[in-house]
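Note that the numbering runs from 1 along the sequence shown for the chain.
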Amino acid sequence: MSDTIASAVEALVGARPGKVIAVHINYPSRAAQRGRVPAQPSYFLKPASSLALSGEIERPAGTELLAFEGEIALIIGRTARLVDPVEGWNAVAGVTAANDFGVYDLRHADKGSNLRSKGGDGFTPIGPAVLPAGEVDPAALRIRTWVNGVLAQEDTTGTLYFPFGRLVADLSQLITLEPGDIILTGTPAGASVLRPGDVVEVEVDAPTIPTPLSTGRLRTVVVDGTVPLAGYGAAPQVDDLQRTEAWGSAEAAGLAPEAPAFTLTATLKERINSVGTATLSAQLRKRGLNNVSIDGLRSTRPDARLVGRARTLRYLPNREDLFESHGGGYNAQKRAFDSLGPDDVIVMEARGERGTGTVGDILALRAQVRGAAGIVTDGGVRDLAAVSALAIPTYHAGGHPAVLGRRHVPWDTDLAIACGGAAVQPGDVIVGDADGVLVIPPHLVEEVVASAIEQEREEAFIAEMVAAGHGVDGLYPMNADWKARYRHWQEEK
């Protein structure tokens, strides 16, 4: 950091810049994007020489994935060592906007330290103004990031996994925090890749106080580096995983998702809906699949048909320490319901435990709003009357007024589970009606449905013959003579 920049940063933070400590994941929206929820905060260091003000950032020559992360920066105003979370916030002099830039091309060389990928000169711009800590509520701040004038990130501190005071307290258990130290508190969803010429702006404000405060916009322009990295250090290296993580998703990275081997088309759904689960069950049994029914459940909408693809959610038996780390905040249950889409059926493994609810009216409504096809749980349902009033069918083991935490910890999603005695894998086809719920392996669906349609045609013929007074001997099932008469009946129909 040049003397000019050092002096400007020192004037901004009120002391000579010291350690820069960054938190990995703190916003539920970012955790959902990354697919993991932190049990405790974790950190990495950035050198003070990475600090800068509004200006330019150079994307190193030969690299591809320079990513921005708009963040709220805490500026330590007094020495803190072995403080509790309340004292931790009291050690903060102010907050400002920051951008935690990183080059994903160099992550492979850092072994998790992020030193080269995030520690380059100018990779931590902050400013332009500081909000005094004593004038803001740390749980009511807002962060926004714009790229070329388009809003890319927006979130608030009201749902952070780790509030600011806790971060200071945790770090102070082993590290003396000193005036001028800076803590980057995590980025929300929306961080992505920039190219030369892009302009990224970050603002932190306190919009809920009587006289709203703002840091103003921290503005950074990306320029292309001209000096390649020399061969005596690790060279840039990228793969599709790094591209996906840098851009935020495979789609954003321009990587076409793997084509599914099976698609639940509208035509196929119509064919499935033309036959009953009893007929489908018989066809599955003919193919040696006898253990594909989810047993012991009732439906809130026995008049409605359920057809969709399985998305899975698993609950562990409640254990207090595990519920503390996984049960609160944006937990696996909430992430699962928030990620549902059309034709999805959320299937929950609750171990047949009926002594508490596994879903209530709010999450059931969320599934309906997201366009999901249905909900299946071998546990209880809260707010059963309200859930039953929704259009989305919910199959459950009974109503119960208790909350989830009485018996369950929401643990993980989209993996093979057991529900009502049946194994369910993500992507399995789930079919339900008044008779119950079936799990059909995707590779068998077309074959099973075609045979089920033919079976029901045969049964319609048999029923017509029985109604006309014929006995069932030789008719049900049909012998050769009756099969010939059936073919003639088909031609007439």
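- At a threshold of 4.0 Å, the pair Arg314-Asp412 counts as salt-bridged, since one of the basic side-chain nitrogens sits closer than that to a carboxylate oxygen.
- Using a 4.0 Å cut-off between charged nitrogen and carboxylate oxygen, Arg243 and Glu64 count as a salt-bridge pair.
- Under 4.0 Å is where a charged nitrogen must lie from a carboxylate oxygen, and between Arg311 and Asp414 at least one such pair does.
- Taking the salt bridge (Lys or Arg N to Asp or Glu O under 4.0 Å) definition, one finds that Asp361 meets it with nothing, sequence neighbours left out.
- Taking the side chain to side chain contact (heavy atoms under 4.5 Å, CB included) definition, one finds that Ala350 meets it with Tyr315, Thr358, Thr377, Asp378, His408, sequence neighbours left out.
- Under the side-chain contact (heavy atoms from CB on, under 4.5 Å) test applied with Arg107, the options Gln237, Glu245, Arg116 reduce to a single match, Glu245.
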Next item on the list: Determine, stepwise, if the pair Tyr104 / Val193 fulfils side-chain contact (heavy atoms from CB on, under 4.5 Å).
Entry: CA-CA 9 Å; Tyr104 279 68; Val193 172; over 6 Å; no

Next item on the list: Check step by step if salt bridge (Lys or Arg N to Asp or Glu O under 4.0 Å) holds for Glu178 and Lys19.
Entry: CA-CA 8 Å; Glu178 302 166 311; Lys19 302 178 285 294; 3.3 Å; yes

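- Heavy-atom contacts from other residues, nucleotides or ligands closer than 6.0 Å to CD of Glu447 number more than 12.
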Side-chain donor-acceptor distances from residues 123-134 under 3.5 Å, at least two apart:
residue, atom, partner, partner atom, Å
Thr124, OG1, Lys46, NZ, 2.9
Thr124, OG1, Ser50, OG, 2.7

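- The ring-ring contact (aromatic ring centres under 6.0 Å, His included) analysis of residues 32-84, with sequence neighbours excluded, yields the pairs His24-Phe44.
- Under the 4.5 Å side-chain criterion, counting only non-hydrogen atoms from C-beta, Ile430 is not in contact with Leu438.
- A salt bridge links Arg319 to Asp321: one of the charged nitrogens lies within less than 4.0 Å of a carboxylate oxygen.
- Between Arg370 and Asp338, none of the side-chain N atoms (NZ, or NE/NH1/NH2) sits under 4.0 Å from a carboxylate O, so this pair counts as no salt bridge.
- Looking at heavy atoms from C-beta onward, Val202 lies in side-chain contact with Ile143 at the 4.5 angstrom threshold.
- At distances below 3.5 Å, at least one donor-acceptor pair connects side-chain atoms of Thr356 with backbone N or O atoms of Val403.
- The shortest side-chain heavy-atom distance between Tyr27 and Tyr330 does not fall under the 4.5 Å cut-off.
- Salt bridge annotation for Lys118-Glu69: present, with a cationic side-chain nitrogen under 4.0 angstrom from a carboxylate oxygen.
- By the side chain to side chain contact (heavy atoms under 4.5 Å, CB included) test, Thr159 pairs with Pro28, sequence neighbours left out.
- Residues in residues 138-149 take part in these salt bridge (Lys or Arg N to Asp or Glu O under 4.0 Å) pairs, two or more places apart or across chains: Arg142-Glu154, Arg142-Asp205, Arg144-Glu203, Arg144-Asp205.
- Counting heavy atoms from C-beta outward, Ser192 and Val147 have side chains that stay 4.5 Å or more apart.
- Partners of Trp411 according to the ring-ring contact (aromatic ring centres under 6.0 Å, His included) rule, which considers only residues two or more places apart in sequence or in another chain, are His326.
- Taking 4.5 Å as the limit, every side-chain heavy atom of Glu349 sits out of range of all side-chain heavy atoms of Leu313.
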Next item on the list: Determine, step by step, whether Gln153 and Thr145 satisfy the side chain to side chain donor-acceptor pair (under 3.5 Å) criterion, reporting the C-alpha distance in whole Å, the side-chain angles of both residues, the deciding distance to 0.1 Å, and the verdict.
Entry: CA-CA 5 Å; Gln153 292 182 291; Thr145 306; 2.9 Å; yes

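- The side chain to side chain contact (heavy atoms under 4.5 Å, CB included) test applied to Arg271 returns Thr267, Val449, Ala450, Ile453, not counting sequence neighbours.
- For Tyr395, the ring-ring contact (aromatic ring centres under 6.0 Å, His included) criterion is met by no residue, not counting sequence neighbours.
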Check: When you look at Ser117 and Asp110, which way does the side chain to side chain donor-acceptor pair (under 3.5 Å) test go after all the steps?
Finding: CA-CA 7 Å; Ser117 62; Asp110 284 333; 2.8 Å; yes

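- In this structure, the side chain to side chain contact (heavy atoms under 4.5 Å, CB included) partners of Phe323, at least two apart in sequence or on a different chain, are Asn318, Val409, Pro410.
- Checked against ring-ring contact (aromatic ring centres under 6.0 Å, His included), His396 has no partners two or more places apart in sequence or in another chain.
- Side chain to side chain, Asp155 and Ser29 meet the donor-acceptor criterion of an N or O pair below 3.5 Å.
- Listed by first and then second residue, the salt bridge (Lys or Arg N to Asp or Glu O under 4.0 Å) pairs involving residues 80-96 amount to none (not counting sequence neighbours).
- When side chains are defined from C-beta on, Val345 does not count as touching Arg309, because their heavy atoms never get closer than 4.5 Å.
- Checking side-chain atoms of Asn273 against main-chain N and O of Lys269 turns up a donor-acceptor pair under 3.5 Å.
- The closest side-chain heavy-atom distance from Asp137 to Thr208 is not below 4.5 Å.
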Next item on the list: Given side-chain contact (heavy atoms from CB on, under 4.5 Å), test Thr185 with Leu167 step by step and report yes or no.
Entry: CA-CA 8 Å; Thr185 58; Leu167 296 177; 4.0 Å; yes

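- Atom CG of Leu184 and atom CG of Leu74 lie 8.5 Å apart (nearest 0.5 Å).
- Here the closest heavy-atom approach between residue Leu213 and residue Val136 is recorded as CD1-CG1, 4.1 Å.
- Without hydrogens or angle criteria, Asn26 side chain to Phe162 main chain gives a donor-acceptor distance under 3.5 Å.
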Checklist line | Chi angles and distances behind the side-chain contact (heavy atoms from CB on, under 4.5 Å) call for Val223, Ile57 | finding: CA-CA 6 Å; Val223 298; Ile57 184 171; over 6 Å; no

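- Nearest heavy-atom pair, Asp344 versus Ser339, reported as atom, atom and distance to 0.1 Å: OD2-O, 4.3 Å.
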